[in-house]
Each structure stands twice: as C-alpha cells, then as structure tokens.
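Notes follow once the structure below has been shown.
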Amino acid sequence: MTLTHTGAARSARPFTATALGAPRIGPNRELKKAVEAYWAGTLDRRSLRDVAAGLRRDDRARMTMAGFDSVPTNTFSYYDQVLDTAVLLGALPARVEGVEDPLDRYFAAARGTAEIRPLEMTKWFDTNYHYLVPEIADETRFTLHPEAVLADLAEAVEEGVPARPVVVGPATFLALSKAAPGAGEPWERLDDLVPLYQQLLSLLRAGGAGWVQLDEPALVTDLDAAQLEKVTEVYGALTASADRPAVCVATYFGDPGPALEALGATEIDAVAVDLVAGGPGALAATTAFHDRLVLAGVVDGRNIWRTDLDGALGTLATALGSSGSLAVSTSCSTLHVPYSLEPESDLDPGLRAWLAFAEEKYDEVRVLADALRDGRDSRADAFDRCREALAARASDPRVRDMSLRGRVDALRSAGATRAPAAERAAAQRARLGLPTLPTTTIGSFPQTDDIRRARAAHRNGRLDDAAYTDAMRDEIRRVIELQERLGLDVLVHGEPERNDMVQYFAELLDGFATTAGGWVQSYGSRCVRPPILFGDVRRPNPMTVDWSRYAQSLTSKPVKGMLTGPVTILAWSFVRDDLPIADVADQVALAIRQETVDLQGAGLAIVQVDEPALRELLPLRRADQPDYLDWSVRSFRLATSGVSDATQIHTHLCYSEFGEVIDSIARLDADVTSIEAARSHMEILGDLDAAGFTNQVGPGVYDIHSPRVPAEGEIAELLREAVAAMPAERLWVNPDCGLKTRRDDEVEAALGALVAATGAVRGEVSGT
Ligand code: GLN
Ligand code: ZN
C-alpha cells in the first residue's frame, strides 16, 4: 500500500506489527539493582552503563524475535522518560546546574541531594507510573542535547534493527510541566520547542531512523480549540521540512477525539490510536487518517488479560476501512505490564491461560498482523487456543459468587451512615485526649534487610509460622519503642509484615492472584508487583487484627490500625475487565469494612484507610469524571462507615495534583486526612478550605521520597505556613507518606526533627 500525501512519507515504508514501548527495568529488575548499587557507591558508572546497554540490546532482540517490522527504541530510561526529555531539551532546573557530572545531575534532579530539592513527582496520566514534573522558568532557554537519543539509535542501526526512536512530544512535554514560581504557563513556550524538535528529527534521520514516534498522550485529555489549533500549527511546522524521517504521533490512554482532526490537518505520516481505552470513538476518529498509516492499538498495553483475538480482528477490519494502511500495535507502551509469563510457573494453570504479559502481547500483535494479511486461518491454532481460554474464564466458578454479590447489594442499598463530622470529632476528642498538633506517621517504617529476609524465609517455608510471628513482633516492638522514645502521639505498628500495601491484602483475599516476578516500574528504581484481581472478592479471615492488637498491647498511646482502601487496591492491581469496576470496588469495600469493625473490636481507637491512588484513577476526560468520583467516594464510605462515632477514621493521599479531586476528598468525610504537601508548600490547605472542608488534615512536612533529612527549622517553617492557612485545632503533623523506603537513621533523625519542630510551633500557637 502506498501513502498518497506529500512529505517524507513518500519514502517511508509502512510497517505491520509493533509495540508503542517496552518495560525497561529488566526481567529480573536488573536496572533497579544496578542503579541502586550505583547510588550506594558499590557499582561504578561503567558497569551501570553496561547493564543498561545489555537491557536495551535484549529488548531489541525480544521485539525482533516477535517479528516486529518496526521496533520502538529510546524506550530505555535510567529513571523516567519525562526527565530524559527535560535533559534532551535543556530544561533541567537551574538548581542542579552546579552538579558537574551529567549522570549525577540527572539523578540529583530526580532524587535530590543533601542541598538540592528534587523535582516534584506525579502520576503519568491515569497509570501507577510516576514521572518527574519539569519546572519551566521564564529564564529556561531550551537547547538540544540529543547525544543519548542518537547513541541509542546508533546501537539499533548497527544491529540492523528497524528502529523507530520514541521521544515525548512537545505538547505533552509542556502540558506535563509546571511553571516555576512566577513564570508563565509552560504551554506558551511551544514555539520555542519547535526548532529543537525539527533539529532532532533531522539528526535522527541522518542517524538512520526511517520513522520517529512522538508520544502525545496529552492529546487524549480535554484540549480547547486554541490548544488544538496550536497542535496543528506545531506539527505543521515539524513536518514542513523535507529533511526529516516519517513521523508517527502516538496518542494513548483514551479517545483522542478532535485531536485526531488537528493532527490530520498536518503532514504527519502515521498516528497511533488506543483502541482499547479509546473505544469506538477512537476507532471512528481514525477516518482523519484515511490516506496514512494507522497504528491500531488493539492489544492492551496496560492490563494483563489475554486479547480476544476474534474481537480484535473485527476491530482491525473496521479500522482498515478508514485508514491508508494499518499496523497492529499495543494500545500503549508495555511499560505498565511485566515482561513475561514464562517464569510464573506457580500461577494457577487455569488462570495463566487467561493472561498475556509483554512478551505474550508481542505474539498476539504478530498473530493479528498475520491474520490481517493472510486470513484468520493462517493462524488458526492461535485463534483456537484463545477461544478455549476465554470460554474457560467466562465459566469459572471463581469469577461469580452469588451469595457475596447479594451481601454487597444489601450493603449498597443500606448506604453509608455516620453521625455528622463535628459530633464524631467531639466523641473522638473525649476518647483520645490528644495534644494540639498531634504527631503521627503514615504507617510503614523502614523495611530492613532483616525484615525482608524473615518474610522471604517464611514464604519459602524455611521459617515456620511461630518463628515468623516472633520476628515480626520483635520488629513491631522495636518500632513502638522508637516512636515512644521520639515522643510521637499516635503510633503505628510499622507494617513489617507487608511486602506491599496492596499485595498484602491481595494475598489474604479470595479473588486475587499474585505473581512471583511480575514487576512493573512505579517510579525510578521502585518496582511493584500488582496482584491480579480475577474473581469475586471475599475476606475469608481477619487480615491485620493480630498485628495491630499486639502493637496496641505494648503502649498506652493510641495505635492506628492500617488498611488499604478499595480504590487503591483496584488502582494498584490488574483489574478484571468482565465486571464494571464500580461493582468490583464495592466488593473490596465490604471486605475492608469487615476488617475495620474487627479492628475496633480488638480495641483500636483509630483506623486509617489509605487511598493514595484516589487521584490516579480519575478519568482523563472531564465528562467521565463525575461517575468515577461517585463510585470511588461511595466505596470508601461503605468501607469506613461500619465503626462507631468514637472510632476515628483516617485516610491518606499522596503523589498527586489534588485540584480536580478536592471536592471528593471532602466527600470521603474521613475524620483525619493526611496528604502529601512538603514539595508543594502547603498549597493543599487553602484548596481544602476553599472546598468547604472542615475535618482535620495532616499536611506532610517531611518529603520521604528523598533521602534528605529535613532540618527542624525547615519543618517548623512548613508548620507555620500550615497554621497560617488552617486553625491549629484541625491540623496534624506527619510525613508525606510511609517510611518503608527510607533508612533507619534517616527516619530517626527526620522524625526527631518533626517532633521538635512541632513542640516549637505548639508553643507559638498556644502563646497567641
Ligand atoms: N500506610 C502506607 C505506608 O505507610 C501508605 C503508603 C502510601 O501512601 N503509598 O506505607
Ligand atoms: Zn502516601
């Protein structure tokens, strides 16, 4: 099939099978281990670079083996692709300029140093991946630093791989950036980026790239007419020069809607469309590309379910009707799924057949591309196996438990009812008797090597239940003693028994499966193993009560019971796609509710139900948001309304721009909400006030995502800002998030500073 429009596309060969990106941490988390060793000073730079080069090579081999005729490259990152783009465009903040070495400067921007504040971190669209937010100052003079992108391309070209370098596009880069204090909107700087991208394209072409992919997921969010016009203008300019490779603009995570028309009006050569998240709207919008290549994203890059090949082939047939030519693709980068099912030998074999991780997805792409070209019969075996697996999944008794569904319906129609917040606050004040500005933490304490070893030994059967319980109890006692010594007011047990705040519950609830090595990158070197929620959810036994009861038995101070909320459990799992997500949320809510009631019965006066992911699942289009916010708030309230008024419910939120969900945070109606704030200077308090929120708030005053230990004076300053924004009676003092990723010595020093700063500010408050 030839492409008929003008420009570079005339010489660019269309392709048939690809993925939009790939995981990069290594099948056995090689990158995590290497980067952390480099940070710790136990691995030199040369060896780190060797590990990285090996991972890139393996990645290209994997895709070539899968039969891709276009291979995404430049998908590797030492930390984050948005930070890489900031480096590429010379947009690092001025405060890291003093760090001479480029790699260390990069890590300084990502993680901070003793002197340097790191960039803010937030969620990448509606995923659980976090990117670093570039800060654009008026003084930022963009300059191109293409060395890394070109070197990556050279590696691929040398191997004869049909490389398609992937770079975050200018619109998305600026849409995700924030203005430095006092600076203008980053989006207004688009014109400044155009010459840099033009130059980059020309360099990539000279370096041997036939195609380049510019990632523009921002195009699936609500853009106004002026912004869409700007997109047309920018891509018009980027494609005007003859000296460029063919350009594919990748939209994903939703329906690009009118943005496809805006792109269609330019000379770009291909567009990638997410036909999983984008649905029929995205499919219809591809008509704007009837004379060009469309990368049809029919294989879900974000979830782990096996593709319905017949359904996908039907979608492809429809798409073919409205595009010049078609390539089969994943819907987005497979960054969000594990590498391969192959090592998962312990998975229930029935369940295993329902799944596809990145490698299996590449095979699905190839099967579909073959079937599209040569007919379904050419891959009949693959289609048969798929049908069999889907039929088995649909009839498996674990996916439908009618008695459980009846109980969830009953709870839902009864609804959530607690007394008004002020009445509850009075009952709790009387019961708890806490000082002004009570100090507490978010739940976890450092996960020491001892703890990890004990958990691993228990898992492998080398440590029996009794010995394991003793080991965890020792740790709980150590953490309670530490908190007593530091003088905190509300204590936690430290969560030593939890590998992860979602996986822990998934292992104890029916309806979930967990993987042995299904790691995905969460941020930087941090990886998570999302559980697979495949069936109806039920709580067979209490999950946390023994640990919390033990912790409370050690102290006369109140201990918080610690649970994860329904939205977060869903957000950090791979969720079934055969039941509306709101129904799944209510099943989880019932299980958490049973646990809160049992904790109360065990004598705990405070229960925290964490919902750090509340913002993350927010749909990208405003039109879809109210429905989500309704079911997410409802599930939280169902989960937390089984306890008495004198039992205090806390919740915790983090990592996010809370703007859009601020009303919903208020509607959660938790008695106390702890929330990330240290990096963003207490902005959140004013916002909560403006939303009419009158419950208590604990703005984070210690940024735990950085190894930096804050000074007492610095924390006191943040507290003074907080007290200026909200009455002290409503304020709590706590870190931004859990402490599990930090070291013991850092935590002890930082919490010491936190308690001391609180003492100082308490004095000032009562003095006024
Ligand atoms: N309670 C959890 C912890 O402290 C909360 C973690 C989170 O918000 N991500 O680890
Ligand atoms: Zn948190």
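Positions are given from 1 along the sequence. One-based numbering, in listed order, for ligands and for the atoms of each.
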Distance-only N or O hit between ligand 1 and H652, under 3.5 Å: yes
So if I count the atoms of ligand 1 from 1 in the order they appear, which ones are less than 4.0 Å from some heavy atom of G443? 4 (O)
Carboxylate-amine/guanidinium proximity below 4.0 Å for R615 and E676: no
Report yes or no: does R455 contribute a side-chain atom to a donor-acceptor pair with the main-chain N or O of P496 at less than 3.5 Å? yes
Per-atom filter on ligand 1: closer than 4.0 angstrom to a heavy atom of M501 are 5 (C), 6 (C), 7 (C), 9 (N)
Rounded to 10°, the SG/C654 to the Zn ion (ligand 2) to SG/C737 angle comes out at 120°
Going by the angle between their ring planes, with limits at 30° and 60°, are W39 and Y79 parallel, tilted or perpendicular? tilted
For side-chain contact (heavy atoms from CB on, under 4.5 Å), just list the numbers for L614 and Y628, CA-CA rounded to whole Å, side-chain angles, deciding distance to a tenth of an Å, and then say yes or no. CA-CA 10 Å; L614 181 70; Y628 160 72; 3.8 Å; yes
Provide the number and element of each atom of ligand 1 under 4.0 Å from a heavy atom of S444. 3 (C), 4 (O), 10 (O)
For ligand 1, which atoms have a heavy atom of C737 less than 4.0 angstrom away? 6 (C), 7 (C), 8 (O), 9 (N)
Atom indices of ligand 1 within 4.0 angstrom of G738 heavy atoms, with elements: 3 (C), 4 (O), 10 (O)
Output all residues satisfying side-chain hydrogen bond (donor to acceptor under 3.5 Å, both in side chains) with R498, sequence neighbours left out; order by chain, then residue number. none
Counting both backbone and side chain atoms, is some N or O of E495 under 3.5 Å from an N or O of ligand 1? yes
Which is it for W124 and L176 under the side-chain contact (heavy atoms from CB on, under 4.5 Å) test, yes or no, and what are the steps along the way? CA-CA 9 Å; W124 174 245; L176 296 185; 3.3 Å; yes
Do the two ring centres, one from H336 and one from F253, sit under 6.0 Å apart? yes
Nitrogen or oxygen of I442 less than 3.5 angstrom from that of ligand 1: yes
If the cut-off is 4.0 Å to any non-hydrogen atom of D610, which atoms of ligand 1 fall inside it? 1 (N), 2 (C), 5 (C)
